[in-house]
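Here is the structure we will look at.
FYI, side chains are in, hydrogens and waters are out, and symmetry mates aren't considered; it's all heavy atoms of this structure.
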Amino acid sequence: MALAATQQCFRTLRMGVSAVLQPSKSLVFRAGNRGVSTNQIQNALRPFYFIVHPDLFNQHPEEQAVNEESLKSLNSYLEAIQQQAKISPENIMFYLRNRDNKSKDNFRAVKIALRSYDVLALVRSILKQCNLPTMSIDAITPNRNTRDIGLEPDIVREAEVKPPSYTLSEWLRTHIEQATILSEKNEAIVKDLEGMVEDVRSSLNVREIRCGNDWDVSSNRAALKTLLKIWKDADSLDLKGSLLTLNRKSYISLDGVVHIGVTDVPEKWLHILKYFQKIHPTLNKMTEREATLSSQLMGIKIHRNDSPFRLDYIDDVEKLITTTSSFIDRHLNHFKVNPVDPFLRNLVLVVDSGINCAKLCHDGFIRTPANITIGLLLDFIHSNQRQALELLKYRQKAEQKQNDMFEDLRVKLGVKSALRDNTVSHQQMETCCRSLLDDSEPLHSLLKGRNLRISQFYSVLLHGDLCIPWNFDRQR
């Protein structure tokens with residue numbers, strides 16, 4: 001009876017509200033850098049980060065301090081360009097280890113002038129001054145016709161990449177020896193990293209540690225070593241069985257994940273770890289109140305995204321609980337046991353204070369502000385539930401297909417592991433995997449036992465992993 005009353009409530013309260021698709025905007029460089037995403041710039045700068053990372057200079061505090069401050073300035077400068085803010089010209093300096101000089105003075109200083117809004121030219125100049133390859137930045141062609149339609153960068157707005165002038169087999173034969181040398185050189189480091197992951201996990205009471213794919217093994221190991229030192233020097237650091245990631249930025253996300261930015265200073269890490277302990281009871285309360293809201297809205301799942309933690313989120317949830325309860329009292333007088341609608345329990349709702357009306361996103365999530373009229377929210381859910389379910393199923397199928405194709409690569413090509421870069425869409429990944437499997441016979445001997453990363457360009461990463469473009473040239 002209650003279920004029938006709820007469904008009737010959906011019908012009678014329909015106000016003709018149309019589904020307005022206005023997903024949040026993703027980061028992309030503008031002006032002369034139109035169509036160049038922050039992910040692509042970070043990918044291009046990855047080799048540079050590997051050699052100037054402050055954790056590589058623990059025994060040299062002066063050089064370490066210079067690199068830390070210069071990294072802050074560089075990141076702020078790139079962010080200002082992205083936001084089209086006014087930039088202040090600045091000269092910064094980085095210390096690099098001089099591999100050819102084994103004497104006591106084994107560093108060389110590289111000075112970089114921050115003067116231009118042209119981010120591609122800036123990154124290319126940085127790489128050249130550090131004697132690093134510029135293939136990744138040279139391969140990017142900004143898409144001048146790109147429109148900001150607001151979807152995530154792995155779905156749309158990917159910069160056009162010049163097709164390589166050689167086949168995948170030709171590139172592999174040229175670079176396989178280099179990859180082998182780097183892989184063998186880092187084998188002991190990889191084993192040491194695995195042991196260090198377990199040490200940090202048990203010391204900080206972490207459920208799981210995920211090392212970001214954007215950093216090499218040495219950087220991840222250095223970060224974990226620093227975390228252990230922080231734990232030993234601090235009193236009673238306990239992450240309560242949370243998930244910890246080594247990433248680009250240090251923050252606690254709304255879903256309770258602790259992110260450690262590899263390029264940030266250890267003092268910031270300590271602040272993040274202590275702050276997590278302080279807000280942990282609030283995170284638990286959020287989970288309880290979300291369960292209450294879910295029950296009121298007939299079992300719909302409440303999802304928290306990975307945006308930075310904010311205390312007022314729980315106030316937004318409480319506001320929705322109060323208005324929903326009032327709605328139930330007015331329209332369902334005897335509604336004491338909330339039924340679970342078989343359709344709604346598969347939907348996902350996100351409470352987002354940054355929007356002013358309900359929206360359906362490309363991932364199938366329904367986003368709603370806290371101050372929405374419940375009648376309008378129910379009407380929106382009812383009108384868009386079928387499309388939302390289709391989008392959710394598509395996402396699940398795409399992820400499952402990716403896992404299946406990666407397993408095929410392991411079986412038929414003998415690769416040790418395969419990863420998709422976040423600048424590559426699921427569709428592009430599928431195209432790449434099909435091409436690899438179609439050419440499995442000539443590629444098997446070249447890829448057997450290798451770690452493979454599907455990206456936008458060719459590169460041998462510092463730990464020997466092979467990075468290939470999703471649209472590589474096949475056999476001629």
Side-chain angles (χ1 to χ4, degrees), residues 36-47 133 135-141 152-176 178-179 182-183 210-217 247-248 394-395 397-475:
V36 181
S37 71
T38 51
N39 280 334
Q40 290 169 314
I41 295 303
Q42 293 294 340
N43 284 338
L45 282 172
R46 189 187 301 133
M135 288 187 302
S136 57
I137 200 69
D138 293 336
I140 299 176
T141 301
E152 295 299 322
D154 63 341
I155 303 297
V156 294
R157 296 195 306 152
E158 295 156 340
E160 298 174 353
V161 178
K162 298 177 181 178
S165 58
Y166 33 75
T167 67
L168 175 60
S169 295
E170 290 170 343
W171 184 85
L172 288 173
R173 291 190 185 97
T174 304
H175 295 84
I176 205 70
Q178 177 191 5
L182 289 172
S183 180
R210 295 178 185 172
C211 297
N213 298 322
D214 292 320
W215 306 103
D216 70 331
V217 176
N247 222 313
R248 292 174 180 167
Y394 173 80
R395 180 187 180 192
K397 287 182 179 179
E399 291 175 351
Q400 183 59 48
K401 182 178 287 187
Q402 172 179 293
N403 294 334
D404 292 343
M405 298 197 83
F406 283 170
E407 181 61 27
D408 287 342
L409 293 180
R410 283 189 283 270
V411 173
K412 297 180 181 180
L413 279 173
V415 300
K416 185 177 180 180
S417 67
L419 291 171
R420 175 180 67 89
D421 196 272
N422 56 10
T423 63
V424 177
S425 70
H426 284 286
Q427 186 174 2
Q428 291 172 339
M429 178 278 303
E430 183 177 347
T431 299
C432 180
C433 287
R434 291 192 186 281
S435 298
L436 288 169
L437 292 171
D438 288 343
D439 296 339
S440 59
E441 185 174 347
L443 292 177
H444 183 274
S445 60
L446 295 170
L447 292 176
K448 184 179 179 180
R450 304 290 175 179
N451 293 317
L452 188 65
R453 181 163 179 166
I454 299 172
S455 184
Q456 298 281 0
F457 51 85
Y458 284 111
S459 179
V460 178
L461 302 184
L462 290 183
H463 43 295
D465 289 3
L466 298 172
C467 191
I468 67 171
W470 67 271
N471 56 344
F472 64 86
D473 275 1
R474 300 177 64 181
Q475 303 295 320

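- Side-chain contact check for Gln428 versus Asn471: every heavy-atom pair is 4.5 Å or farther apart.
- Using a cut-off of 4.0 Å between Lys/Arg side-chain N and Asp/Glu carboxylate O, Arg46 and Asp421 are scored as salt-bridged.
- Side-chain contact between Leu447 and Leu466 is present, with heavy atoms from C-beta onward closer than 4.5 Å.
- Two residues are said to be in side-chain contact when any heavy atoms from C-beta on lie closer than 4.5 Å; Leu172 and Tyr458 fail this criterion.
- When side chains are defined from C-beta on, Ile176 counts as touching Arg450, because their heavy atoms get closer than 4.5 Å.
- In this structure, Leu437 CG and Leu409 CG are separated by 5.0 Å, a value rounded to the nearest 0.5 Å.
- Contact record, Cys432 with Phe472: SG-CE2, 3.8 Å, taken as the closest heavy-atom pair.
- Here the side chains of Leu168 and Leu436 are in contact, with some heavy-atom distance below 4.5 Å.
- With a 4.5 Å cut-off on side-chain heavy atoms, Met429 and Phe406 count as touching.
- With Gln402 as reference, Arg420 is the one residue of Glu407, Arg420, Glu430 to meet the side-chain hydrogen bond (donor to acceptor under 3.5 Å, both in side chains) rule.
- Heavy-atom minimum distance, Ile454 versus Val424: O-CG2, 3.7 Å.
- Asn403 and Glu399 share no side-chain donor-acceptor pair at under 3.5 Å.
- Atom NZ of residue Lys412 and atom SG of residue Cys433 lie 11.5 Å apart, to the nearest 0.5 angstrom.
- Atom OG in Ser183 sits 7.5 Å away from atom CG in Asp465 (nearest 0.5 Å).
- Here Thr431 contributes atom OG1 and Met405 contributes atom CE; the two are 8.5 Å apart, rounded to the nearest 0.5 Å.
- Salt bridge annotation for Arg474-Asp439: present, with a cationic side-chain nitrogen under 4.0 angstrom from a carboxylate oxygen.
- Closest approach of Ser169 to Leu443, counting heavy atoms only: OG-CD2, 3.4 Å.
- Using a distance-only test at 3.5 Å, with no hydrogens or angles considered, no donor-acceptor pair links the side chain of Gln178 to the main chain of His175.
- In this structure, Asn451 and Ser417 approach most closely via the heavy-atom pair OD1-OG, 2.7 Å.
- In terms of heavy-atom proximity, Cys467 sits nearest to Ser455 at SG-CB, 3.3 Å.
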